[in-house]
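Here's the structure, in structure tokens; my notes come after.
Below, read A as the first sequence line, B as the second, and so on, with proteins coming before strands; counting in each chain starts at 1. Atom set for the values below is all heavy atoms of this structure, side chains included, hydrogens, waters and symmetry mates excluded.
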There are 2 protein chains.
Amino acid sequence: MNIYEVAKKAGVSIATVSRVINNSPNVRPETREKVEAALKELNYRPNAIARSLAANTTKTIGVLASDVRDSYYANAVYILEQEFRMMGYDMILCNTGGELEKRKKYMGLLLEKKVDGMVFVGSVFKEKKDNTHIMDVSEVVPVVMLNSSLQGNNIYSVVCDDQLAAFKVVESLASRGHREIAYVYDVDSFSGLAKLNGYYSGMQAAGLPIRQEWIIRTESGINGGYMALIRLMEMQASCTAIFTSEDILAAGILKGLLAKGKKVPDDVAVFGYNDSVLARCTTPELSTVDNKVGVLAREAARMLCKVLDGEDTPHHKIIEPELVFRESCP
Amino acid sequence: MNIYEVAKKAGVSIATVSRVINNSPNVRPETREKVEAALKELNYRPNAIARSLAANTTKTIGVLASDVRDSYYANAVYILEQEFRMMGYDMILCNTGGELEKRKKYMGLLLEKKVDGMVFVGSVFKEKKDNTHIMDVSEVVPVVMLNSSLQGNNIYSVVCDDQLAAFKVVESLASRGHREIAYVYDVDSFSGLAKLNGYYSGMQAAGLPIRQEWIIRTESGINGGYMALIRLMEMQASCTAIFTSEDILAAGILKGLLAKGKKVPDDVAVFGYNDSVLARCTTPELSTVDNKVGVLAREAARMLCKVLDGEDTPHHKIIEPELVFRESCP
DNA sequence: CTGAAAGCGCTAACAT
DNA sequence: ATGTTAGCGCTTTCAG
């Protein structure tokens with residue numbers, strides 16, 4: 001079933017059929033009706049591949065995220081898909097994992113599939129040294145980075161101000177009388193660094209002592225948090241508050257604290273990051289940072305669509321995070 | 001940059017270039033080298049769209065899931081993508097939400113994009129009355145259903161035996177001396193019904209009294225669980241165990257129980273479903289059913305790939321769930 | 001082993 | 001307002 005058969009049945013040329021399909025205004029109403037009748041009758045469905053080849057646009061976006069099983073990425077991917085869909089785009093999803101080489105491979109594959117644009121979800125996409133692979137991609141299609149950024153002609157970014165968020169967390173912890181605040185994190189990506197910086201500057205601004213041994217890098221996941229807490233305990237840390245870069249780490253810390261007989265928040269206050277469902281499932285519930293992943297995703301999608309529509313849009317947007325106070329630090 | 005330029009540079013015909021790209025054996029080694037040199041030099045990248053049009057296969061699979069933000073779907077989507085990728089397929093992801101009409105629309109769009117096959121994730125995809133839309137799709141491309149099933153020539157399915165799982169949960173609760181077991185669930189999809197049936201038959205097999213008012217349908221999410229518990233409390237239910245169709249409901253129930261001053265598992269045992277990360281974040285940690293979504297997804301992907309390769313494969317696979325005992329029901 | 005040529009189904013000038 | 005036609009970049013007979 002193709003445009004030719006429809007044309008034959010309707011007694012018109014394929015150009016006319018194409019016109020009514022793409023509802024071009026230049027078609028006489030009667031003609032349009034004839035064609036539409038044929039369309040119905042033959043149960044015609046346009047072939048998007050052929051259209052892509054001819055029109056040189058696939059109406060599909062490539063989305064790279066390291067792992068959708070992480071709720072942050074899942075949220076981003078969900079919103080991206082909804083937004084793109086609304087604008088008539090499909091989304092090819094790639095879970096790239098951590099390795100640079102794998103990511104490069106995915107970018108290549110997406111380029112072969114002729115996606116109209118790409119979005120990279122997460123600050124892990126910005127390499128410390130060399131980002132030429134991203135620059136290369138951006139020579140071909142527009143790129144938007146969600147929660148990391150890179151300077152470039154055809155590169156756009158929308159980020160949450162994680163440094164500010166961390167700063168504020170420390171600030172409000174300090175205002176609650178905490179002077180000894182530990183920080184536990186897992187990765188030192190772009191946003192990981194921003195948070196760490198926020199912690200430092202927050203401590204400084206509040207005039208609190210920074211103790212390097214209380215800044216702990218641990219593995220990802222609930223166990224990472226647990227182990228960090230154990231380490232803190234073993235060094236008899238006197239901290240009265242623990243701030244983490246991820247809710248899941250905070251969950252592990254809560255577990256450890258419980259095991260050690262510490263009361264939260266009375267003995268130790270705990271602050272998470274992400275405002276994931278997790279934060280409402282722990283006991284006590286977690287105070288956390290809402291880093292607005294939904295907003296970031298929506299903005300990212302809209303930016304890309306604008307670029308593709310030839311409208312202009314700022315290359316960089318910053319979204320303000322928000323602190324959410326729950327039981328672990330009321 | 002296309003096959004013509006490569007051909008010119010290598011001094012061969014486009015057919016030959018095509019052959020070396022698809023490494024057909026019928027190419028003289030020297031010729032192959034010449035072509036490969038040109039490929040390198042021109043930095044050639046095949047155009048997958050053109051290839052799709054000519055070869056009548058896109059090497060992409062359409063995946064429908066109601067919402068990737070739910071960790072069950074996220075897990076499925078992740079594994080599907082990894083497996084398909086390994087076999088050389090990309091994946092277009094659609095979050096269909098709950099409405100039938102929306103799902104139909106997505107199926108149509110995927111058909112236009114000429115996906116080579118589709119997978120429907122979740123038992124919500126089987127409608128109670130009319131599944132002709134799925135049959136229609138299966139006329140065009142093979143369909144595999146993940147955790148629901150439908151009879152059909154070109155339809156494949158892999159399901160977890162949720163009924164068995166629920167049966168076993170009740171059985172083991174009974175063996176721990178529980179005689180009064182409540183059941184809380186949110187949706188009555190294919191698998192929702194299976195679980196409910198398992199609960200019934202488990203209760204019967206154990207000779208326990210079934211009380212309709214202890215079988216509670218509530219809304220999805222942590223609040224749904226909380227509210228169900230409150231209802232139970234208001235009717236002064238004497239149940240000593242509560243089984244839920246989702247971990248997140250169990251989390252809400254735990255919250256409610258805590259609020260009401262009940263000890264878990266001493267006063268009331270709680271059993272969840274899914275073995276999500278959640279189950280390890282609550283206090284106490286949740287006993288739950290591992291319904292093997294990763295295995296389902298892997299099998300689903302492999303089935304589809306086999307079908308696409310023309311190999312044969314059973315139309316239906318059943319995976320056995322596994323109970324995981326943690327603190328909420330040791 | 002290699003090349004010529006006919007599509008795949010559609011869009012987009014360009015004519016009429 | 002409608003039709004003709006030349007691609008889009010590749011695969012795939014079919015000859016040679």
Q: Starting at atom CD1 of Ile49(B), determine the distance to atom C1' of dT11(C), rounded to an integer number of angstrom.
A: 15 Å
Q. Would you say a side-chain N or O of Thr16(A) is under 4.0 Å from OP1 or OP2 of dG3(D)?
A. yes
Q) Any N or O donor-acceptor pair linking the side chain of Tyr4(B) to the base of dC8(D) at under 3.5 Å? A) no
Q. In whole Å, what is the span from the CD1 atom of Ile14(A) to the C1' atom of dA13(C)?
A. 13 Å
Q | Non-hydrogen side-chain atoms of Val295(B) and Glu299(B) separated by less than 4.5 Å | A | yes
**Q.** Rounded distance (Å) that lies between atom C1' of dA5(C) and atom CD1 of Ile3(B)
**A.** 14 Å
Q) For the helix from dC1(C)-dG16(D) to dT16(C)-dA1(D), what angle lies between the axis at the first five pairs and the axis at the last five pairs, to 10 degrees? A) 40°
Q: Measure from NZ on Lys8(A) to P on dG9(C) and round the result to the nearest Å.
A: 13 Å
(Q) Rounding to an integer number of Å, can you tell me how far Asn56(B) CG sits from dT11(D) P? (A) 13 Å
Q.
So if I take residues 18-34 of chain A and measure heavy-atom distances to DNA chain D, which residues fall below 4.0 Å?
A. Arg19(A), Asn26(A), Val27(A), Arg28(A), Thr31(A)
Q) Rounded to the Å, how far apart are Arg51(A) CZ and dT11(C) P? A) 5 Å
(Q) Under a 3.5 Å threshold, yes or no: a donor from one side chain and an acceptor from the other, between Asp116(A) and Thr57(A)? (A) yes
Q. Could Glu127(B) and Arg103(B) be called an ion pair, given the rule that one side-chain N must be under 4.0 Å from one carboxylate O?
A. yes
Q: Check whether any side-chain heavy atom of Leu304(B) sits under 4.5 Å from a side-chain heavy atom of Tyr89(B), and report yes or no.
A: no
Q) Hey, does the side chain of His315(B) reach the backbone of Ile155(B) with a donor-acceptor pair shorter than 3.5 angstrom? A) yes
Q: Give the rounded distance in Å between these two atoms: CE of Met1(B) and C1' of dC8(D).
A: 15 Å
Q.
Quick one, Ile21(A) and Arg51(A) - any side-chain contact, counting heavy atoms below 4.5 Å?
A. yes
Q: Calculate the interatomic distance between Arg45(A) atom CZ and dC10(C) atom C1'; express it in whole Å.
A: 17 Å
Q: Map Leu53(B) and Val12(B) onto DNA chain C by nearest heavy atom, then report which one ends up closer to the 5' terminus.
A: Val12(B)
Q: Inspect the contact between Lys8(A) and Glu5(A) and indicate whether a charged nitrogen and a carboxylate oxygen are less than 4.0 angstrom apart.
A: no
Q. Distance-only, no hydrogens or angles: does the Ser18(A) side chain make a donor-acceptor pair with backbone N or O of Ile14(A) under 3.5 Å?
A. no
Q. Does a nitrogen or oxygen in the side chain of Asn47(A) sit under 4.0 Å from OP1 or OP2 of dG9(C)?
A. no
Q. Does the side chain of Asn154(A) come within less than 4.5 Å of Met135(A)'s, by heavy atoms?
A. no
